There are 2 protein chains.
Amino acid sequence: MRSDSVEPAGIQGAKVDLPTLKKHARLGDMAYEAMKERLIRGAFEPGRKLTVRAVAEALGVSSTPARDALNRLAAEGALVYSGPKTVIVPYLTMEALQEVTAMRLALEGLAAERGAVRAPKDLPDLLTEYQAKINEGLASRRYAEVLWMNKEFHFSVYKCCNMPYLLTTIETLWLRIGPSFHDLYPEFAIQKYGVHNHEVVIESLRDGDSGAARAAFENDIRDGYRRLKQSIRVREERSES
Amino acid sequence: MRSDSVEPAGIQGAKVDLPTLKKHARLGDMAYEAMKERLIRGAFEPGRKLTVRAVAEALGVSSTPARDALNRLAAEGALVYSGPKTVIVPYLTMEALQEVTAMRLALEGLAAERGAVRAPKDLPDLLTEYQAKINEGLASRRYAEVLWMNKEFHFSVYKCCNMPYLLTTIETLWLRIGPSFHDLYPEFAIQKYGVHNHEVVIESLRDGDSGAARAAFENDIRDGYRRLKQSIRVREERSES
DNA sequence: GAATATTGTTTGTTGCAACAAAAACTTTGC
DNA sequence: GCAAAGTTTTTGTTGCAACAAACAATATTC
């Protein structure tokens with residue numbers, strides 16, 4: 001058995017950042033944000049069991065806010081119930097991947113196109129910086145960092161469309177696929193995760209071609225789909241043998 | 001002042017239905033479902049204040065599950081904070097309406113088309129029944145019932161695409177516009193809410209034309225948009241005077 | 001030895017009381 | 001009459017203990 005799956009030590013890592021508090025400094029929201037970031041970074045292996053008390057201890061809060069965060073994550077589908085009293089980081093099934101991908105194409109396509117139209121002139125420069133950090137991360141094998149900067153890259157374009165609720169909805173989609181990147185961490189460096197598509201995005205923004213920007217993001221999403229699909233296949237074959 | 005805004009009596013109405021419990025019978029989920037239904041039915045006037053204790057008493061549960069439900073609803077944007085300690089049913093702003101409509105077109109378009117492809121042969125008959133109930137409701141001015149049956153109509157098509165997460169995401173979009181129909185209750189009967197589009201949906205399904213079904217749903221969404229847009233305009237003009 | 005029963009432990013949910021902060025209301029001052 | 005300051009009440013969050021349900025490990029029986 002994996003006894004470490006319930007150890008608080010396995011959840012810690014980066015102490016919670018306080019600057020997240022914007023309007024209402026609720027402990028439950030903080031716990032939610034903290035867990036969300038870990039999920040998107042692929043910090044948790046699919047199948048890991050998360051308990052209220054462990055999360056509470058790891059985050060230094062009592063059980064109420066920890067439970068709030070876990071419940072909210074489970075409601076969004078970022079965590080699932082493997083039993084009546086056990087929430088785990090979900091294994092991405094093929095059906096779930098296809099569903100999330102279809103939704104990502106619809107929603108991120110919308111956000112990308114509208115964001116590109118309204119993007120400020122200096123956005124391409126910012127994106128170039130992000131891309132540099134992604135390349136650095138790939139070179140130094142800091143994959144959690146790569147995933148996080150990748151998220152920053154996408155969302156700094158999406159953000160421009162000024163649709164806050166669309167943004168949070170897309171975030172919940174990323175929450176669902178994030179953990180599965182954990183499995184293919186070493187593969188990132190080889191396949192140059194998303195590099196080419198991102199370069200096309202930057203170029204399209206410089207040209208003011210929002211349609212091309214959308215197409216590049218859609219390509220990126222489809223590339224991610226293919227990679228995860230392969231990863232799922234491998235896992236399923238391994239579990240069958 | 002509207003003292004009734006915090007009265008439990010204003011929240012009651014239909015006692016909570018137990019059959020909702022599917023897998024995990026949590027009191028918090030029940031409270032969430034109960035509030036969700038009321039919101040979609042337009043039972044709450046925008047601006048109404050909802051307090052933890054009032055919801056708890058109205059639903060016959062303690063404050064913990066009531067707080068869970070309110071927090072989840074607020075996280076989804078179905079309720080908003082008007083102050084640090086006050087959650088209200090939101091007034092739909094023009095920006096929010098446009099955002100929700102864009103997302104509805106993307107997501108419900110997807111669900112409608114894929115659902116139409118996989119719809120069972122007897123679905124048109126079921127939809128015809130629903131439509132009959134909608135017409136009855138319009139005639140007898142039971143508008144909350146009309147809104148609920150309208151939801152059943154849409155979702156029984158969407159359900160066919162077998163994308164559970166897409167469904168719940170669409171539901172949260174409905175949650176955001178539901179309350180605003182409260183304002184134009186009397187207007188329903190005159191404008192024959194959604195009747196024509198629904199008939200086209202049924203016909204398209206009988207023809208096996210999924211593209212036409214999608215187009216009909218999109219028309220329905222755009223009609224709803226126009227109606228709500230007008231309602232917002234009226235409200236804004238009234239508040240300016 | 002394997003299947004089943006049993007016991008002990010872990011775990012989520014729930015209700016509740018305490019606290020601090022924000023509303024609502026009242027009074028005061030001009 | 002109106003605005004501002006102070007007071008009272010309401011309200012959300014939090015931590016905690018109790019409970020019941022599920023889980024894991026052990027013992028028991030065939």
Side-chain angles (χ1 to χ4, degrees), chain A residues 1-11 16 18 20-35 47-75 78-89, chain B residues 1-11 16 18 20-35 47-75 78-89:
Chain A
M1 86 173 245
R2 292 217 318 278
S3 70
D4 65 328
S5 64
V6 292
E7 293 294 297
I11 294 171
V16 179
L18 273 300
T20 314
L21 58 88
K22 280 202 164 182
K23 293 184 176 177
H24 313 295
R26 292 185 307 181
L27 240 28
D29 290 347
M30 186 210 69
Y32 170 78
E33 294 291 335
M35 294 303 290
R48 175 196 280 272
K49 185 164 74 173
L50 295 177
T51 69
V52 169
R53 286 170 174 87
V55 171
E57 189 177 345
L59 264 40
V61 296
S62 103
S63 69
T64 308
R67 182 177 155 281
D68 284 353
L70 253 28
N71 270 341
R72 186 167 161 193
L73 256 359
L79 300 175
V80 300
Y81 289 88
S82 75
K85 286 195 170 183
T86 356
V87 289
I88 65 168
V89 178
Chain B
M1 87 173 245
R2 292 216 318 276
S3 69
D4 65 328
S5 64
V6 293
E7 293 296 296
I11 293 172
V16 180
L18 273 301
T20 314
L21 56 89
K22 278 202 164 183
K23 293 184 177 177
H24 315 295
R26 292 185 307 181
L27 240 28
D29 289 347
M30 186 211 69
Y32 169 77
E33 295 291 337
M35 293 304 290
R48 175 197 280 272
K49 185 165 77 173
L50 294 177
T51 68
V52 169
R53 287 171 174 87
V55 171
E57 189 176 345
L59 265 41
V61 296
S62 103
S63 68
T64 308
R67 183 176 154 284
D68 284 353
L70 253 29
N71 271 340
R72 187 166 160 195
L73 256 0
L79 300 175
V80 300
Y81 289 87
S82 75
K85 286 196 170 183
T86 352
V87 291
I88 64 169
V89 178

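The figures here come from the full heavy-atom set of this structure, side chains too, leaving out hydrogens, waters and symmetry mates. If you're wondering where the values come from, they're calculated on a predicted model, not measured in any experiment.
- The shortest distance between the side-chain N/O atoms of N71(A) and the OP1/OP2 oxygens of dT13(C) is below 4.0 Å.
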Check nucleotides 18-22 of chain D for protein N or O atoms closer than 3.5 Å to its own N or O atoms and list the pairs.
unit_1	atom_1	unit_2	atom_2	d
dA21(D)	N3	K85(A)	NZ	3.0

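- Put simply, K49(B) has a side-chain N or O that comes within less than 4.0 Å of OP1 or OP2 on dA24(C).
- Heavy-atom minimum distance, P65(B) versus A31(B): O-CB, 4.1 Å.
- Of all non-hydrogen atoms in L70(A) and V87(A), the two that sit nearest each other are CG-CG2, 4.4 Å.
- Rounded to the nearest 0.5 Å, atoms NZ (K49(A)) and NZ (K85(A)) are 12.0 Å apart.
- Atom CG of L79(A) sits about 6.5 Å away from atom CE of M35(A), to the nearest 0.5 Å.
- Rounded to whole Å, the distance from CE on M30(B) to C1' on dG12(C) is 17 Å.
- In summary, of the residues considered (D68(B), V61(B), L59(B)), a side-chain contact (heavy atoms from CB on, under 4.5 Å) with L27(B) occurs for V61(B) alone.
- The distance from atom CG of L79(A) to atom P of dG12(C) is 12 Å, rounded to the nearest whole Å.
- The CD atom of E57(A) sits 12.0 Å away from atom OG of S63(A), with the distance rounded to the nearest 0.5 Å.
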When you compare the protein's N or O atoms with those of nucleotides 14-16 of chain C, which come within less than 3.5 Å of each other, and at what distance?
unit_1	atom_1	unit_2	atom_2	d
dT14(C)	OP1	L27(B)	N	2.3
dG15(C)	OP2	S62(B)	N	3.1
dG15(C)	OP2	S62(B)	OG	2.9
dG15(C)	O5'	S62(B)	OG	3.4
dG15(C)	N7	T64(B)	OG1	2.6
dC16(C)	N4	T64(B)	OG1	3.4

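- Per the geometry, OH belonging to Y81(B) stands 14 Å off C1' belonging to dA22(C), to the nearest Å.
- Residues satisfying the side chain to side chain donor-acceptor pair (under 3.5 Å) criterion with R72(B), sequence neighbours excluded, are absent altogether.
- Going from atom CG of L73(A) over to atom OH of Y32(A) covers 6.0 Å, rounded to the nearest 0.5 Å.
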